[in-house]
There are 2 protein chains.
Amino acid sequence: MSNNTTVENIILGCLSFGPRSGYEIKKIINMSSSWFYNASYGSIYPILKKHEEKGLVSSEEVIDNGRYKRLYQMTDKGYKAFHAWMLQSPKLMTVKYEMAVKLMFFAKLAPEQRIQQIEEHIEQLRLFKQELEEIEPWAEHEGDSYQRLILDWGENLYDFLIQWFSQLLNELQKYDGDLPQKPKDGQQL
Amino acid sequence: MSNNTTVENIILGCLSFGPRSGYEIKKIINMSSSWFYNASYGSIYPILKKHEEKGLVSSEEVIDNGRYKRLYQMTDKGYKAFHAWMLQSPKLMTVKYEMAVKLMFFAKLAPEQRIQQIEEHIEQLRLFKQELEEIEPWAEHEGDSYQRLILDWGENLYDFLIQWFSQLLNELQKYDGDLPQKPKDGQQL
DNA sequence: GTCCTTATATATCATTCTGCTATATGTTAT
DNA sequence: ATAACATATAGCAGAATGATATATAAGGAC
């Protein structure tokens with residue numbers, strides 16, 4: 001069984017496509033997983049070193065167009081650890097969604113401020129969805145059917161979010177930014 | 001402008017409902033925001049102390065049914081900081097979704113292993129949605145219309161995920177666990 | 001040809017947050 | 001009685017971010 005973290009396994013997974021440098025791994029992540037599981041340089045380089053110490057990867061310095069880089073390659077041991085992780089029961093999704101937190105305290109905002117926050121957020125979601133769509137040509141060219149599948153999932157997810165918040169905006173606008181309180185049990189009559 | 005973190009503001013937000021202890025704040029979070037923005041005791045207690053040092057909250061020890069607890073209360077300064085944060089442009093959502101990562105490397109799994117991973121994941125999603133539904137009575141009773149709204153959002157979101165993965169499972173089963181590769185440009189003919 | 005910007009490539013570090021462990025006491029069920 | 005559970009807080013190792021720093025190569029502007 002693998003007790004590596006998810007990020008450690010993403011890096012192994014990227015190396016399953018062939019030898020890569022830390023910088024190249026970050027590029028793969030940016031173009032594919034970053035929006036559902038990101039990793040920063042501050043994780044990637046130390047993890048590569050740790051992987052090498054554990055014998056999960058090996059490395060060599062190469063000169064590519066007159067520029068040094070350290071290419072990492074997965075070992076058999078590394079592939080076994082990666083594959084073992086692939087078979088484990090997946091961890092539950094975790095989300096950090098600030099807009100949802102704000103919604104929780106929305107009663108503290110003035111009606112027009114509520115509308116403004118939602119409008120701004122819908123704009124953010126639209127921009128992000130556009131960014132996803134710009135990856136599509138890359139996935140068509142570089143990725144396999146599963147990588148294209150994930151992009152499709154992302155676009156569906158953001159469509160769902162845009163639609164949900166647009167509907168909320170409509171409701172808010174209908175009631176001048178003040179959602180009608182469904183009466184509680186004790187308040188009826 | 002507020003330069004507190006989101007978790008620091010969640011804690012202020014909880015105190016906007018009235019004086020609470022660290023333990024009680026965790027309970028509020030568990031029953032409402034935890035699935036879209038969680039905070040652990042290891043964050044909550046130190047943040048409360050930091051907030052007090054900065055004058056955003058004040059505290060007093062009280063005895064509740066013969067048991068000590070430290071009740072924290074928001075100050076004017078704290079409310080101003082919280083409200084300023086509420087008006088700021090919300091941060092983009094971040095997601096950590098291990099199942100999506102695995103999907104990225106799904107080509108490395110055997111067909112029947114793919115089907116098993118998806119089946120297990122759908123089961124996880126169903127269980128989690130049930131947990132959300134169990135919060136509903138609490139939200140009906142304790143929350144305002146916005147808190148109920150978020151629960152509604154969560155249920156819609158998990159419905160979307162269950163539906164999306166169920167459809168993928170169907171496709172996989174149709175093709176014996178092996179999604180047909182859409183031919184790349186260079187591979188046609 | 002030099003200047004500026006962008007891309008490649010890696011390293012370091014304070015800060016944030018989690019999840020685990022530990023401790024202590026009150027309450028409820030058996 | 002006593003075991004299990006709920007309340008209440010503290011501390012810490014480890015993971016990850018995001019910001020800064022450094023250096024070199026490539027490409028375009030003028």
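Given the structure is predicted, the values throughout are model-derived calculations rather than measurements. The chains referred to below are lettered A, B, ... by the order of the sequence lines, with proteins before strands, and numbering in each begins at 1.
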Looking at B:Phe128 versus B:Tyr158, is the centre-to-centre ring distance below 6.0 Å?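 Under 6.0 Å, so yes.
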SB check A:Lys49 A:Glu52 (cutoff 4.0 Å):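 Here A:Lys49 does not pair with A:Glu52 in a salt bridge, since their nearest N and O are not under 4.0 Å apart.
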Does atom CD (B:Gln113) have a neighbourhood of more than 12 heavy atoms from anything else shown, all under 6.0 Å?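 Result for CD/B:Gln113: enclosed.
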Using whole Å, what does the distance between atom C1' of nucleotide C:dA11 and atom NZ of A:Lys69 come to?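 My rounded result for the distance is 18 Å.
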Where do N or O atoms of nucleotides 24-27 of chain D meet protein N or O atoms at under 3.5 Å, pair by pair?
{"residue": "D:dT24", "atom": "O2", "partner": "A:Arg67", "partner atom": "NH1", "Å": "2.9"}
{"residue": "D:dT24", "atom": "O2", "partner": "A:Arg67", "partner atom": "NH2", "Å": "3.1"}
{"residue": "D:dA25", "atom": "O4'", "partner": "A:Arg67", "partner atom": "NH2", "Å": "2.8"}

Hydrophobic cluster (4.5 angstrom, side-chain heavy atoms) - remaining members for B:Val62: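 Direct or chained contacts put B:Val62 with B:Leu71.
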Integer-rounded Å distance: D:dT7 C1' and B:Tyr45 OH: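 Rounded to whole Å, this separation is 9 Å.
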Would the B:Tyr45 and B:Tyr23 ring centres measure less than 6.0 Å apart?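 No, too far apart.
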A:Glu120 and B:Ser89: CA distance, side-chain angles, deciding distance, side chain to side chain donor-acceptor pair (under 3.5 Å) verdict: CA-CA 7 Å; A:Glu120 247 183 84; B:Ser89 183; 2.7 Å; yes
From CD1 of B:Ile63 over to P of C:dG26, roughly how many Å is that when rounded to an integer?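 B:Ile63 atom CD1 is separated from C:dG26 atom P by 11 Å.
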Can you tell which of A:Lys69, A:Arg70, A:Arg20 makes a salt bridge (Lys or Arg N to Asp or Glu O under 4.0 Å) with A:Asp64?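 Of the listed options, the one satisfying the test is A:Lys69.
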Name the orientation class of the two ring planes belonging to B:Trp153 and A:Phe165 (parallel below 30°, tilted from 30 to 60°, perpendicular beyond 60°).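 Aromatic pair B:Trp153/A:Phe165 classed tilted.
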At less than 4.0 Å, is any side-chain N or O atom of B:Lys27 found next to OP1 or OP2 of D:dT7? Yes or no.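 It does, given that an N or O in the side chain of B:Lys27 lies less than 4.0 Å from OP1 or OP2 of D:dT7.
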Rounded to the nearest Å, what distance is computed from the CD1 atom of residue B:Ile44 to the C1' atom of nucleotide D:dT9?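 B:Ile44 atom CD1 is separated from D:dT9 atom C1' by 11 Å.
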Determine: side-chain N/O of A:Tyr23 to OP1/OP2 of C:dT10, distance under 4.0 Å, yes or no.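 A:Tyr23 to C:dT10 OP1/OP2: no side-chain N or O under 4.0 Å.
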Send over the distance from B:Tyr68 OH to D:dA10 P, rounded to a whole Å.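 In whole Å, D:dA10 P and B:Tyr68 OH are 14 Å from each other.
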Please report, rounded to the nearest Å, how far the P atom of C:dT18 is from the CD atom of B:Glu98.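 One finds 18 Å between P of C:dT18 and CD of B:Glu98, rounded.
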Between D:dT9 atom P and B:Leu48 atom CG, what is the distance in whole Å?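 Going from B:Leu48 (CG) to D:dT9 (P), I get 9 Å.
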Tell me: NZ of B:Lys26 to P of D:dA10, nearest whole Å?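 So the NZ-P distance, B:Lys26 to D:dA10, works out to 16 Å.
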Does the protein touch nucleotides 11-18 of chain D at the base, only the backbone, or not at all? Give it as B, S and - per nucleotide, heavy atoms under 4.0 Å. ----SSBB
Check this for me, if you would: do A:Lys174 and A:Glu171 make a salt bridge, where the nitrogen-to-carboxylate-oxygen distance has to be below 4.0 angstrom?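 The answer is yes: the pair qualifies as a salt bridge.
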